[in-house]
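I have placed the structure first, in the form of structure tokens, so that the comments after it can refer back to it.
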Amino acid sequence: MTRTLNVAMIGGGFMGKAHALAYAAMPMFFWPAPAMPVRKVLVDLNQAQAEEGRRRLGFEEASSDWRAVIARPDIDIVDIVTPNDSHAEIAIAAAKAGKHVICEKPLARTVEEARAMLDAVEAAGVTHMVAFNYRRTPAVALARKYIEEGRIGRVLNFRGTYLQDWSADPDAPLSWRFQKSIAGSGTVGDIGTHVVDLARYLVGEIGAVNAMVHNYIPTRPLQSGGVDKLGAAQKQVAGPRGTVDVDDEMLTMMRFKNGAVGSIEATRNAYGRNNYLTFEIHGEKGSIVFNYERRDELQVMFADDPADARGFRTVYTGPNHPYGAGLWPIPALGIGYGETKIIELFDFATAIVNGVQPSPNFRDGFQTELIAEAILASAVTGAWTEIAS
Ligand code: SOE
């Protein structure tokens, strides 16, 4: 009989919605499922919020006490979808209680926190994952397959961007994402790390960075109410403002350990860009281009195509591509954010059942944190900064 995995999810906001959807839908897509997730307990800041989340997200129970929930013997997975400042405390407690842990990105605010989290899960021998979900877009996994198969030869260059515009308006509210004490950093941690994760996944380990960061909007309107508000749709012109003490924009050059070079640009202030997470990879035998806003598509150019047919062409992901057996039966029916989370959970549950570590796990999250810290350090000194490992 298929094993069940009882889930305690800590947090019921934007990411909670995405993870709850994945728990419900994973067996609908991937059947037979590696395990049947049971939405057991939803934990939120207070009982009323937890109860509302329970009803909405389909959990059996509600609680405002994550420590008590983690101590329960019937819980198998602790899922951390809270702001960054509580990731370490919850993950370390969950590991000590012997629970498998999935944690939203970035893994932590600092390298020290990430190190402690990695040590805790490794000491406990539990399965761990950091939720850099964009790797799970089938077109991204297809890009990796092509690279592994040598279809574009040795990789020479990776150009990545993550451009959004939800914070371009100076009157968009002071989300926790603008506060260093909660977030750790701004674009670097929030969206830059997604591109770092893709660069490591597709090209290999990053050896050194040379970066700039900028802040353009030093204050933003303070929020009222307990629920974090994101973006200009929540614009508040009047009222008190609070300090933004993180970066609004980052740019970095990179040297990969395998000799490739690359760059990343990330900002949440690029009017007209919504979730413009892109990469262009050039190799000795071809190129690959991806844009998450057109995530069913992978643009490929293979240099060994006949001379009169050379050029970029579009591959629409479907049943013949990574994860295709579980997804929709016809290419281009549409892959969304939800599907990336469903695939992520499928890989996490498979790893738990097989007693192996998935990727990206806390070691990857820790390494990405080292790179984020090097980007911030290089932005201060202006110098090339080696990544410790
Ligand atoms: C805001 O920039 C945000 O919600 C990020 O925090 C997520 O990681 C990204 O997937 C979407 O945008």
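Throughout, residue positions are numbered sequentially from 1 according to the sequence presented. Each ligand, and each atom within it, is numbered from 1 in the order the structure gives. Hydrogens, waters and symmetry mates play no part in the numbers below; they use all other heavy atoms, side chains included.
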Give the numbers and elements of all ligand 1 atoms closer than 4.0 Å to a heavy atom of [X].
| X | value |
| --- | --- |
| Arg177 | 1 (C), 4 (O), 6 (O) |
| Lys105 | 5 (C), 6 (O), 7 (C), 8 (O) |
| Trp166 | 1 (C), 2 (O) |
| Phe14 | 4 (O) |
| His194 | 7 (C), 8 (O), 9 (C), 10 (O) |

**Message:** Can you confirm, on distance only, whether ligand 1 has an N/O atom lying under 3.5 Å from any N/O atom belonging to Asn275?
**Reply:**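 No.
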
**Asked** Under 3.5 Å between some N or O of ligand 1 and some N or O of Tyr134?
**Response**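 Yes, since at least one N or O of Tyr134 sits under 3.5 Å from an N or O of ligand 1.
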
**Prompt:** Got the closest protein heavy atom to atom 5 (C) of ligand 1, with its distance?
**Reply:**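 I find the closest protein heavy atom is Asp190 OD1, 3.2 Å.
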
**Asked** What is the nearest protein non-hydrogen atom to atom 12 (O) of ligand 1, stated with its residue, atom name and distance?
**Response**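 Here the closest protein heavy atom is Gln164 NE2, 2.9 Å.
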
**Request:** Please work out whether any backbone atom (N, CA, C, O) or any side-chain heavy atom from C-beta onward of Ile191 is under 4.0 Å from ligand 1, and answer side chain, backbone, both or neither.
**Result:**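 Only the side chain of Ile191 comes within reach of ligand 1.
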
**Message:** With a 4.0 Å cut-off on heavy atoms, is Met15 in contact with ligand 1?
**Reply:**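 So Met15 does not count as touching ligand 1.
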
**Item:** Residue-ligand contact Tyr162/ligand 1, heavy atom below 4.0 Å
**Value:**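 Right, Tyr162 reaches ligand 1.
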
**Asked** Rounded to the nearest 0.5 Å, how far does CD of Gln179 lie from CG of Asn84?
**Response**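 Between Asn84 CG and Gln179 CD, I get 11.5 Å after rounding to 0.5 Å.
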
**Message:** As an exercise, state the distance from CZ of Phe362 to NE2 of His87, rounded to the nearest 0.5 Å.
**Reply:**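 Answer for the CZ-NE2 pair, Phe362 versus His87, is 9.5 Å.
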
**Asked** Which word best sums up how the rings of Phe290 and Tyr292 line up, parallel for under 30°, tilted for 30 to 60°, or perpendicular for over 60°?
**Response**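 Geometry flag for Tyr292 against Phe290: perpendicular rings.
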
**Request:** Would you please indicate yes or no on a ring centroid separation below 6.0 angstrom for Trp166 and Phe178?
**Result:**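 Yes - the distance between ring centres of Phe178 and Trp166 falls below the 6.0 Å cut-off.
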
**Asked** Can any side-chain N or O of Glu386 pair as donor or acceptor with the backbone N or O of Val209 at less than 3.5 Å?
**Response**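 Between the backbone of Val209 and the side chain of Glu386 there is no qualifying donor-acceptor contact (under 3.5 Å).
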
**Asked** For residues Asn274 and Gln164, is any side-chain donor paired with an opposing acceptor at under 3.5 Å?
**Response**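 Asn274 vs Gln164: no donor-acceptor pair found between side chains.
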
**Item:** Carboxylate-amine/guanidinium contact Arg39 Glu60, below 4.0 Å
**Value:**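 A salt bridge is absent here (no side-chain N lies under 4.0 Å from a carboxylate O).
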
**Message:** Among Trp328, Phe346, Tyr323, which residue satisfies the ring pair (Phe, Tyr, Trp, His ring centres under 6.0 Å) criterion with Phe29?
**Reply:**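 Output: one option passes, namely Trp328.
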
